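Below is one structure, written out as structure tokens; comments come after it.
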Amino acid sequence: MSYRVGMVSLGCAKNLVDTELMLGQLDAAGFIITPRPEEADVLLVNTCGFITPAKEESIDQILDLAQYKKSGRCRVLLVTGCLAQRYHGELLDEMPEIDGVLGTGMVDRVVDVVRRALAGERVLAVGEPGFDYDAGLPRIRTTAEYTAYVKIAEGCSNCCTYCAIPSIRGPYRSRTLESIRQEVEALAAGGVKEIILVAQDTTRYGLDLYGERKLAPLLRSLNGISGIRWIRVLYGHPDGITAELIDVFSSCDKICRYIDLPLQHASPAVLARMGRGSSASRLRELVHKLRRAIPGLTLRTTFMVGFPGEREEDFQQLLDFMREMRFERAGVFKFCAEEGTPAAAMTGQVPEEVKEERYHRAMALQQQISLEHNRSLVGSLVSVLVEGKKGSRYFGRTQADAPEIDGRVYFTAGRVTPSPGDFVLVKITRAGEYDLMGELA
């Protein structure tokens, strides 16, 4: 009998890659993949466990899918991913709806776990988070056919005091250059035009495997692969931006001039408590260096407000830094005290209402900066990767926009009918805080 399997993926792009690998293995083993949960015999939730809101979303999704045991044909409900790795005991003890858990180190065991659960076993498959994948594992991509995420490393060896990822995903483990190139060549042969490289810290790539940072050589290698138009890099660390890497971003034609560089804060006191290893002056110098060396660069960053010990003067330093640096893209989020992390036990925890107030002040500032930047683009021509159509307008992204994170370009095309995956030139005619509007040039 061929069982139908449905899967929901939550959290980051790195988790999505794990989802696609599990789907690929299940498909290769003869299971039928379905996007309709009411038709599935087996349902899996690949969860996020990074911060409290993500954990709550994961629990809600598990409970929603559990209803298909009553209203659908679901026989087995499995929980995978970060929440399963971190809270497997609690999940099995407190949620009888769950038929098994699969940790982050067991992605390549998914077929065995599903079969055991179908045979009636309540499965606990959680061990050390040591799974590493290479280009040989089957994979079913869930993104648009022209875009693919490629994970270049697993785990994290940074020591940020607020983050539980090292305990969930294990230490940093780079894939080989050959394995990554092999995967990207196969994706290009299958029609992928945009490659998005992800890891917990992409700029650390190669340090554990080769004894030195190898992101720059990796990018040079991938830049030569035929068929690829854009190569985007997410989740960097400021300490890993080398002169060689800057040269790659400025000289390689396929590398998007878009750097995702979470800085977290600008107050020296807060950065020290975070364990970030940077100072505001070094960050300021780095931003200026990047902009001088890489014409047309878009810088995305994230900032955390309400970290333990953050005083009003620390927060003002952050606002001043944002005003001065004028990041084209920036996200702001509130500190969550994650159990087991040093930050959760720190003195000086900031009240929730203060976090909320600071969050809104920082976001309002960034929205104004973003609007002013977008307005500066009115009248310019931009290259857009077409993604679809909404009403009478087409929409897509520029090199400055990562999927699901940044804004879009909405445009009219007259009698032309562009297709998803096409690259077109658009003249920008109007600008919003996040999105741009225009017409086909």
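Not measured: the values here are computed from a predicted model.
- Side-chain atoms of Ser279 come within 3.5 Å of backbone N or O of Arg282 as a donor-acceptor pair.
- Interatomic distance, Ser58 OG to Leu63 CG, rounded to the nearest 0.5 Å: 11.0 Å.
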> So Lys334 and Glu310, salt bridge (Lys or Arg N to Asp or Glu O under 4.0 Å) or not? Walk me through it.
Replying inline: CA-CA 12 Å; Lys334 295 172 285 186; Glu310 183 190 58; over 6 Å; no
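- Open room surrounds CD on Glu128; 12 or fewer heavy atoms of other groups in view lie less than 6.0 Å from it.
- Contact check for Val126 versus Met106: no side-chain heavy atoms found under the 4.5 Å cut-off.
- A donor-acceptor contact shorter than 3.5 Å links the side chain of Ser167 to the backbone of Ala164.
- In this structure, Val386 and Val424 approach most closely via the heavy-atom pair CG2-CG2, 3.8 Å.
- Of the possible donor and acceptor atoms, one in the side chain of Lys151 sits under 3.5 Å from a partner among the backbone N and O of Lys14.
- A donor-acceptor contact closer than 3.5 angstrom links the side chains of Glu20 and Thr142.
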>> Run the side-chain contact (heavy atoms from CB on, under 4.5 Å) test on Lys214 and Leu218 for me, step by step, so that the C-alpha distance in whole Å, both residues' side-chain angles and the decisive distance to 0.1 Å come before the verdict.
In response: CA-CA 6 Å; Lys214 287 287 189 179; Leu218 172 65; 5.6 Å; no
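- Side-chain N/O atoms of Asp201 and Asn158 include a donor and acceptor closer than 3.5 Å.
- Checked for salt-bridge contact, Asp112 and Arg115 miss the test: no charged N lies under 4.0 Å from a carboxylate O.
- Not one N or O on the side chain of Asp41 forms a donor-acceptor pair closer than 3.5 Å with the backbone of Arg75.
- Inter-residue side-chain proximity for Leu102 and Asn46 is flagged as unmet; no heavy-atom pair is nearer than 4.5 Å.
- Between the Arg173 side chain and the Pro171 main chain, a donor and an acceptor come within less than 3.5 Å of each other.
- The shortest non-hydrogen separation linking Thr80 to Ala84 is C-CB, 3.7 Å.
- Pairs of residues two or more places apart, or lying in two chains, that qualify as ring-ring contact (aromatic ring centres under 6.0 Å, His included) and include a residue from residues 206-248 are Trp230-Phe423.
- Although no hydrogens or angles enter the test, the distance criterion places no donor-acceptor pair under 3.5 Å between the side chain of Arg358 and the main chain of Ala362.
- Counting only heavy atoms from C-beta outward, the side chains of Tyr68 and Leu43 approach each other to under 4.5 Å.
- With rounding to the nearest 0.5 angstrom, the CZ atom of Arg4 is 14.5 Å from the CG atom of Leu26.
- Ser9 and Thr19 share a donor-acceptor pair across their side chains, judged by distance under 3.5 Å alone.
- No side-chain donor-acceptor contact under 3.5 Å links Tyr87 and Glu94.
- Relative to the six-membered ring of Tyr133, Arg175 meets both conditions, a distance below 6.0 Å and an angle of at most 45° to the axis.
- Under the 4.5 Å side-chain criterion, counting only non-hydrogen atoms from C-beta, Leu263 is in contact with Pro238.
- For the side chain to side chain donor-acceptor pair (under 3.5 Å) criterion with Asp401, the lone passing option out of Arg232, Arg408, Arg329 is Arg329.
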>> Please evaluate residues His373 and Ile369 with respect to the criterion side-chain contact (heavy atoms from CB on, under 4.5 Å), reporting the C-alpha separation (whole Å), side-chain torsions for both, the decisive distance (0.1 Å), and the verdict.
In response: CA-CA 6 Å; His373 168 71; Ile369 293 170; 5.5 Å; no
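- Note: Phe303 and Phe321 have perpendicular aromatic rings, judged against thresholds of 30 and 60 degrees for the angle between ring planes.
- Once rounded to the nearest 0.5 Å, the distance linking CZ of Phe411 with CZ of Phe395 reads 9.5 Å.
- Once rounded to the nearest 0.5 Å, the distance linking CG of Leu319 with CG of Asp314 reads 11.0 Å.
- The shortest distance between side-chain heavy atoms of Leu215 and Val248 does not fall below 4.5 Å.
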> When you look at Lys70 and Glu97, which way does the salt bridge (Lys or Arg N to Asp or Glu O under 4.0 Å) test go after all the steps?
Replying inline: CA-CA 11 Å; Lys70 301 174 182 177; Glu97 302 92 342; over 6 Å; no
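- With salt bridges taken as basic N to acidic carboxylate O contacts below 4.0 Å, one links Arg361 and Glu312.
- In this structure, Ser174 OG and Asp132 CG are separated by 9.5 Å, a value rounded to the nearest 0.5 Å.
- Checking Arg36 against Thr34 by side-chain atom types alone, no donor-acceptor pair falls below 3.5 Å.
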> Given the rule in the side-chain contact (heavy atoms from CB on, under 4.5 Å) test, do Leu222 and Val150 qualify, once you have shown the distances and angles that lead to the verdict?
Replying inline: CA-CA 12 Å; Leu222 301 183; Val150 173; over 6 Å; no
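- Side-chain contact between Tyr258 and Phe249: absent, with no pair of heavy atoms (C-beta onward) separated by less than 4.5 Å.
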>> Pair Leu297, Ile259 - check side-chain contact (heavy atoms from CB on, under 4.5 Å), show working.
In response: CA-CA 8 Å; Leu297 174 66; Ile259 296 180; 3.8 Å; yes
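- Not a single donor-acceptor pair under 3.5 Å links the side chain of Asp99 to the backbone N or O of Leu78.
- Phe335 pairs by the ring pair (Phe, Tyr, Trp, His ring centres under 6.0 Å) definition with Phe307, not counting sequence neighbours.
- Here the closest non-hydrogen pair linking Ile405 and Leu234 is CD1-CD1, 4.2 Å.
- More than 12 heavy atoms of other residues, nucleotides or ligands shown are found within 6.0 angstrom of CD on Glu90.
- Counting non-hydrogen atoms of other residues, nucleotides and ligands closer than 6.0 Å to CD of Glu244 gives a total above 12.
- Comment: Glu352 engages Lys355 in a salt bridge, judged by a side-chain N to carboxylate O separation of less than 4.0 angstrom.
- The shortest heavy-atom contact between Ile98 and Arg122 is O-NE, 2.8 Å.
- At least one donor-acceptor pair closer than 3.5 Å links the side chain of Thr161 to the backbone N or O of Arg273.
- Counting heavy atoms from C-beta on, the side chains of His265 and Met304 never come closer than 4.5 Å.
- In this structure the side chain of Asp18 reaches within 4.5 angstrom of the side chain of Glu154, judged on heavy atoms.
- Across every non-hydrogen atom of Val192 and Ile228, the tightest pair is O-CD1, 3.4 Å.
- Closest non-hydrogen pair, Ala40 versus Gly6, comes out as CB-N, 3.7 Å.
- The closest donor-acceptor contact from the side chain of Gln366 to the backbone of Phe327 lies under 3.5 Å.
- In summary, Asp247 and Arg220 engage in a salt bridge, as defined by a charged side-chain N under 4.0 Å from a carboxylate O.
- Separation of atoms OG (Ser383) and CZ (Arg229) is listed at 6.0 Å; rounding is to 0.5 Å.
- Residues satisfying the side chain to side chain donor-acceptor pair (under 3.5 Å) criterion with Glu387, sequence neighbours excluded, are Arg397.
- A donor-acceptor contact shorter than 3.5 Å links the side chain of Thr104 to the backbone of Ile168.
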